[in-house]
Each structure stands twice: as C-alpha cells, then as structure tokens.
There are 2 protein chains.
Amino acid sequence: MTNINLYTKKLRESGLRPTKQRLKICEVLFSSEKTFHFTINDLTKIIEEKLSEKISLATVYNTIHAFKKKGYLKEISINSDKSYFDTNITDHQHFFDEDKSQLIDCGDDEIDSVNVKRNITGKKIKSIEVLIRVASDNQNQN
Amino acid sequence: MTNINLYTKKLRESGLRPTKQRLKICEVLFSSEKTFHFTINDLTKIIEEKLSEKISLATVYNTIHAFKKKGYLKEISINSDKSYFDTNITDHQHFFDEDKSQLIDCGDDEIDSVNVKRNITGKKIKSIEVLIRVASDNQNQN
DNA sequence: AAATACTTTAAAACTATTCTAAACTATTGA
DNA sequence: TCAATAGTTTAGAATAGTTTTAAAGTATTT
C-alpha cells in the first residue's frame, strides 16, 4: 500500500539508513505527485499534524540537509530570515510573492533561459537562479 | 576637501538627519568611485579600522536599512546566514563565488536580459534577480 | 548476539538581526 | 538664543533560525 519499500530502497542506495524518522519525512515530502515549497517550520507543522509520534527538530534539520546533499531537495535563495526548500528538483525558476512570502514555480515555458556570456576564470557555473519578486500593485514602498 | 557637505545635503533631502554616524557611514560606502559588496560584519570591521570612534552595531543596522529604504543601497539574495549589500544600485546581476563567499557584479553586456512570459494576477514584478553560483572545477560535492 | 557505526534527541550554544528604553543630538520656532 | 520637539544613538536584552553536543538509541555487520 505505501511507498515505504520504495523509500527504504532509495535511502539505502544513497547510503542513508532507513530510519523511522527518515521514512516518515519521505512520506510527507515525496508521496504527493505535486511538488511543493516549504520551510523547516512548515515541515515540522505538517509532521506534527500527520504523525502520531514526534520527530525532534534537530532530526528534521539533519534529514533535510541530508536529502538536499543527495539531491532529493533544492534550497531556494530568498533574502530572508528562513530557508525555503523545494521538492521539485528539476531546473526551474521562481516567483516570490512578497505579500504572502510564498514561492511560485516558474515553468520553463514561462521564462527564456538565461544566457551568461561571461566566464569567471577557474570557476564553473554551478547553478543559475532567477527570482522574480512580485507584490500587489497598490504597495506603498516607503 | 571631503564630501561631507554632499552627504549632509543628500541625507537632509531624504529626510534623514545628518548625524556624525551617518556621515561616517556615507564616507565608507560612497566616497570610492568603485562600488562594492559588503555584509554588516564587513562594514563594522571597515568602520572599526578607519574610525577613531565606535559606531554601535544597532546604528549600523539602522543606517543600512534606512539607506536601503531610500534606495542608496541594494540588498542581494543569497541563501545564507547573512545579508549582502551592494553600493551599486543600478540594475544588474551577480555571480557568487562559493569558494570565497564573494559576490561579483555581472554587467548588462555579460548577460541577456531575462524575459518573463508569465503574469501573476494582481501582482506586479518588483525585481528580477539572477544569481549565478560558481565554484572551482575540482569541487567535491558530496 | 556482539561489535560497530550511524542516528536521534533535548538542550545548550550560536549567529544574525531586531527591539527596548534611556540618554543624546539636531532641528524648529518663539 | 534657548527651550521644546522629534529624531537618533546606544548597550544590552531579546528573538528566531539553525547548528552543536554528547548521551542514549537503532540499524547493520560480523
């Protein structure tokens, strides 16, 4: 019925032991077909609601970092007090709704690919991140 | 000799009182022809080195925020524990050297302008930020 | 089943930033 | 010019997100 075997395999294959906590987090993150964005705070709330047992905050951080390192999650750059993560690991860009502090995926067909003409000597491009900040029209900005 | 009168005028015109502290920070930030990037920590270090008297950390924060609000500085999004600021307030993008945690300006001629084809209903684009992360070739990323 | 290595945990520590409220300073206007 | 005022600076406390610690627990290996 569940994807537990799948996640167990996935974790083992990447050298992570399939613990109860990691499997639960996998379920929360990867069992929906839709990808989504979350902060650690969001995630702990979801876990609290969906779970009978608690997962320590440190474990949530550990796991998210491990998953990011393995490429199962992406971290998104927003100048902000907190980090955002994305379960959509394909190459794509984001809108950031400043009114709601909410990320919105920007499909490949919705933005032209960015063409960088300059090369930094001895360096390789690791990623190109575009963030389109939006806010409602009637914003006072002073 | 100095630009103090200039800064005094600039501050007064934007409704900020030209205090000793603000004028000193203006000198540090705006007296060189070259623009540059800095963190609050960088700035306090520069101030400590160049100044006879101390400026309180809270004042540095206050001033930088005031200057940003007035458009004299830009804040740059890097997923990070700290904020980066830029004295170059023209529209431009950045490389981020992950080895040195250092920003590098990307000139308009070095990147094609980003074309966004999608519109978020009721929202206006406030900014389009591109961050090109670079690192040395021989990086182990696991 | 014992040994090993990895993982979880609560709590402490840490870092960047913001807040507080009292002292201070620039500006206003009589 | 001088007092009233409004804005500013300050040290230190507070906060928020995140990381570290070290001990207890669990999965894996032998």
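Convention: sequence-line order gives letters A, B, ...; per-chain numbering from 1.
Relative orientation of the Phe30(B) and Tyr7(B) rings is tilted, given thresholds of 30° and 60° on the angle between their planes.
Judged purely by distance below 3.5 Å, without hydrogens or angles, the side chains of Asp42(A) and Thr39(A) pair a donor atom with an acceptor atom. With 3.5 Å as the limit, one finds no donor-acceptor pair spanning the side chains of Asn88(B) and His37(B).
Each salt bridge (Lys or Arg N to Asp or Glu O under 4.0 Å) pair with one or both residues in residues 75-88 of chain A, not counting sequence neighbours, appears once here: Lys68(A)-Glu75(A).
Residue Thr19(A) places at least one side-chain N or O closer than 4.0 Å to OP1 or OP2 of dT8(C).
Between Asp112(B) and Lys117(A) there is a salt bridge, since at least one side-chain N of the basic residue sits less than 4.0 Å from a carboxylate O of the acidic one. A salt bridge links Glu53(A) with Lys20(A): the distance from a Lys NZ or Arg NE/NH1/NH2 to an Asp or Glu carboxylate oxygen falls below 4.0 Å.
Place Val60(B) and Lys20(A) on DNA chain D by their nearest nucleotides, and Val60(B) ends up nearer the 5' end.
To the nearest angstrom, C1' of dT8(C) lies 15 Å from CD1 of Ile64(A). Regarding Arg22(A), its CZ atom lies at a distance of 6 Å from the C1' atom of dT7(C), rounded to whole Å.
No cation-pi contact links Lys123(A) to Phe95(B), judged by a cut-off of 6.0 Å to the six-membered ring centre and 45° from its axis.
Arg133(A) is linked by a side chain to side chain donor-acceptor pair (under 3.5 Å) to Glu98(A), Ser77(B), Glu129(B), counting only residues two or more places apart in sequence or in another chain.
Between chain A and DNA chain D, the heavy-atom contact criterion of under 4.0 Å yields a 5' to 3' nucleotide range of dG17(D) to dT28(D).
Ile78(A) forms part of a hydrophobic cluster together with Ile76(A), Tyr84(A), Phe96(A), Leu103(A), Leu131(A), judged by ILVMFWY side-chain heavy-atom separations under 4.5 Å.
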Please write out each protein N/O paired with an N/O of nucleotides 15-19 of chain C under 3.5 Å, distance rounded to 0.1 Å.
residue	atom	partner	partner atom	Å
dA16(C)	O3'	Asp81(B)	O	3.3
dT17(C)	OP1	Ser83(B)	N	3.0
dT17(C)	OP2	Tyr61(B)	OH	2.7
dT17(C)	O5'	Tyr61(B)	OH	3.2

Do any N or O atoms of the protein come closer than 3.5 Å to N or O atoms of nucleotides 27-30 of chain C, and which pairs are they?
residue	atom	partner	partner atom	Å
dT27(C)	OP1	Arg12(B)	NE	2.9
dT27(C)	OP1	Arg12(B)	NH2	3.1
dT27(C)	OP2	Arg12(B)	NH2	3.4

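Put simply, the side chain of Arg12(A) never gets that close to the backbone of Pro18(A): no donor and acceptor are under 3.5 Å apart.
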